[in-house]
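Input: a single structure, listed below in structure tokens.
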Amino acid sequence: MKLDFTRWLPAIAKDRRTALSIAGVAALGGLAFGPAAVAAPVASAPHEGARAAIDLATGKSRQGVTVESGLTTGSPTTEVPAGKPSTDDLIPHGLEGAQSRVPLDDAQVANAKAIIAEAKRTGVGERGAVIGVATSLQESKLYNLGHLGAYNDYDSQGLFQQRPSSGWGTPEQITDPGYASRAFFDALKNVPGWEDLPLTTAAQTVQVSAYPYAYAQWEQQAADIVQQHW
């Protein structure tokens, strides 16, 4: 089935200064049901258009081969830069399962920096920032997505695919990276003992995704990004 992905671009590019490439189009990795929601599985799956867009955004073919790039921001590092958080601070529980990694463009890096800035302001620290960046990598590949129209089964939007109908805010609010990040971290702080939870558990309790174990695959890249930009 052939899909015309170019017609997505006007609907999803919230930052009109940034021209998203086809490879930068991301679709739903999960659905943020509401800031006070209780984690529970959802019986739904992405439609064919979403799956194809996720493949393009993550550099995966239909055979599941990941395309690595030497230009990937947040590539694995062996030395901790002076004044930056340590790996133990960023990944205190170790990695859960196989890890994924995507190349980042300037728009994605800017959005990651916005998440990190709000992690500092809201007091969730380096670990909270890792959870936030990993969650956005899964939900939107760090793109500030608008409504996907006919390609979107719900009204999820923004970096965290938060839903206006579930109380996250207006479409204008949740497509503001600062607001969306604050809303995510405020909800995270309401999760008892979130600091001591594995990343996927903490993220899923906030997001209530149809794919509760998908967040863990981004922990290493999220930690690398936070370490680089903290």
Please table the atom pairs, donor to acceptor, closer than 3.5 Å between any side-chain atom in residues 177-186 and protein atoms at least two apart or in another chain.
residue, atom, partner, partner atom, Å
Tyr179, OH, Trp168, O, 2.9
Ser181, OG, Pro177, O, 2.8
Arg182, NH1, Glu118, OE2, 3.3
Arg182, NH1, Gly178, O, 3.4

Can a donor-acceptor pair be found, under 3.5 Å and without considering hydrogens, that links the side chain of [X] to the backbone of [Y]?
| X | Y | answer |
| --- | --- | --- |
| Gln227 | Pro85 | yes |
| Gln220 | Gln217 | no |
| Lys141 | Leu137 | yes |
| Gln99 | Gly97 | yes |
| Gln204 | Thr201 | no |

Given side chains that start at C-beta, do those of [X] and [Y] come closer than 4.5 Å, heavy atoms only?
| X | Y | result |
| --- | --- | --- |
| His93 | Leu199 | no |
| Ile225 | Leu104 | yes |
| Asp155 | Ser165 | yes |
| Val102 | Gln221 | yes |
| Thr200 | Pro212 | no |
| Phe160 | Ser140 | no |

Which pair of non-hydrogen atoms, one from Ile131 and one from Ala202, has the smallest distance, and what is that distance?
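That closest heavy-atom pairing would be CD1-CB, 4.0 Å.
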Mind listing the closest non-hydrogen atom pair of Ala129 and Val124 along with its distance?
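Heavy-atom minimum between the residues: N-CG2, 4.3 Å.
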Can you tell me how far the [atom1] atom of [X] sits from the [atom2] atom of [Y], to the nearest 0.5 Å?
| X | Y | atom1 | atom2 | answer |
| --- | --- | --- | --- | --- |
| Ile115 | Ser136 | CD1 | OG | 4.0 Å |
| Glu126 | Lys84 | CD | NZ | 11.0 Å |
| Leu145 | Leu159 | CG | CG | 8.0 Å |
| Asn144 | Asp176 | CG | CG | 8.0 Å |
| Thr175 | Gln157 | OG1 | CD | 6.0 Å |

Consider side-chain hydrogen bond (donor to acceptor under 3.5 Å, both in side chains). Of Gln138, Glu96, Glu139, which one does Tyr215 pass it with?
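It is Glu139; the other options fail the test.
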Answer yes or no on whether Lys120 is positioned over the face of Trp230, meaning its NZ or CZ is under 6.0 Å from the six-membered ring centre and within 45° of the axis.
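Verdict for Trp230: a cation-pi partner in Lys120.
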Does a donor on one side chain sit under 3.5 Å from an acceptor on the other, for Asp224 and Gln228?
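There is no such pair between these side chains.
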With clusters defined by side-chain heavy atoms of hydrophobic residues (ILVMFWY) lying less than 4.5 Å apart, directly or transitively, does Val206 cluster with Tyr213?
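Tyr213 does not cluster with Val206.
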So which pairs with a foot in residues 195-219 pass salt bridge (charged side-chain N to carboxylate O under 4.0 Å, His left out), sequence neighbours left out?
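As it turns out, the salt bridge (charged side-chain N to carboxylate O under 4.0 Å, His left out) pairs with a partner in residues 195-219, which skip direct neighbours, are Arg127-Glu219.
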Could you pull out all residues at least two apart from Thr135 that satisfy side-chain hydrogen bond (donor to acceptor under 3.5 Å, both in side chains)?
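Testing Thr135 for side-chain hydrogen bond (donor to acceptor under 3.5 Å, both in side chains), a comparison that skips the adjacent residues, returns none.
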